[in-house]
Amino acid sequence: MTKATAVYAVAKRWGGGWELHIRDANGEMGGVTQSRSLSSAERQVRDYLATMYDLDDFDVDVTIEVETTKALDAEIAEVRRLAAEAAHLQREASERARVVAAKVHRRGLSIADTAAVLQVSKTRAAQLLASR
């Protein structure tokens, strides 16, 4: 049997935790194991694969997919999209803050005054200026 590079486990809720239905992209591997929590699901899948297929941890990439409803899937996707957008905007705001802090400081304002203009702490203003 060839070693899989990508393994997927669909996590289905049950009374004792999560039932993990394992498959690979080629349909060569499969099986079911359990985990008490989603946080330990990947480790459980890796242990299962090591036992059943003699696979080393480094031989596989494990993706855990939680079984939900289509409506909930859409909400989860939207939350993830918004979080990614917020992270992008945060990076953009930080870069702009560094540029503006440098411009303000070059006009002769102290770090404390630069902080007041940008409405950030003196420590944050110093960080912005140091990172340029």
- Message: Nearest 0.5 angstrom please: R80 CZ to E78 CD, how far?
- Response: 12.5 Å
- Query: Is it true that L38 and V62 fall in one hydrophobic cluster, defined by side-chain heavy atoms closer than 4.5 Å?
  - Reply: yes
- Task: Determine, using the 4.5 Å side-chain heavy-atom cutoff (strictly less than), whether V7 and I64 are members of one ILVMFWY cluster.
- Result: yes
- Note on the structure: NE2 (H88) and CD (E85) are apart, to the nearest 0.5 Å, by 8.5 Å
- Message: Quick check for you: to the nearest 0.5 Å, what is the distance between I76 atom CD1 and T69 atom OG1?
- Response: 7.5 Å
- Closest non-hydrogen atom pair, I111 against A126: CG2-N, 4.0 Å
- Note on the structure: Between S94 and L128, the two heavy atoms sitting closest are O-CD2, 4.2 Å
- Answer with yes or no whether the hydrophobic clustering places L20 together with M52; edges join I, L, V, M, F, W, Y residues whose side-chain heavy atoms lie under 4.5 Å apart. yes
- Item | Residue among D47, T51, L49, I22 satisfying side-chain contact (heavy atoms from CB on, under 4.5 Å) with T33 | I22
- Show your working on salt bridge (Lys or Arg N to Asp or Glu O under 4.0 Å) between R96 and E92 and close with a plain yes or no. CA-CA 6 Å; R96 287 185 184 182; E92 187 177 318; 3.0 Å; yes
- Task: Please check if atom CZ in R43 has more than 12 non-hydrogen atoms from other residues, nucleotides or ligands closer than 6.0 Å.
- Result: yes
- Message: For A101 versus L118, what's the shortest heavy-atom pair and its separation?
- Response: CB-CD1, 3.6 Å
- Note on the structure: Nearest heavy-atom approach of W14 to E19 is CD1-N, 3.1 Å
- Gap separating the CZ atom of R106 from the CG atom of L129, nearest 0.5 angstrom: 9.5 Å
- Would you kindly say whether S121 and T123 are connected by a side-chain donor-acceptor distance under 3.5 Å? no
- Message: Do E75 and V79 make a side-chain contact, defined as non-hydrogen atoms from C-beta onward lying under 4.5 Å apart?
- Response: no
- Heavy-atom closest contact (A112 atom, K122 atom, distance): CB-CD, 3.6 Å
- Quick one: do L109 and V100 end up in the same hydrophobic cluster if we chain Ile, Leu, Val, Met, Phe, Trp and Tyr together by side-chain heavy atoms under 4.5 Å apart? yes
- Note on the structure: Separation between OG (S37) and CD (Q44), nearest 0.5 Å, reads 10.0 Å
- Query: Charged N to carboxylate O under 4.0 angstrom, E42 versus R46?
  - Reply: yes
- Message: With a 3.5 Å distance limit and no angle check, can you tell me whether Y48 reaches the backbone of Q34 through a side-chain donor-acceptor pair?
- Response: no
- Task: Find out if a path of hydrophobic residues (ILVMFWY) with successive side-chain heavy-atom gaps under 4.5 Å connects V45 to V10.
- Result: no
- Does NZ or CZ of R13 come closer than 6.0 Å to the centre of the six-membered ring of W18, within 45° of the ring's axis? yes
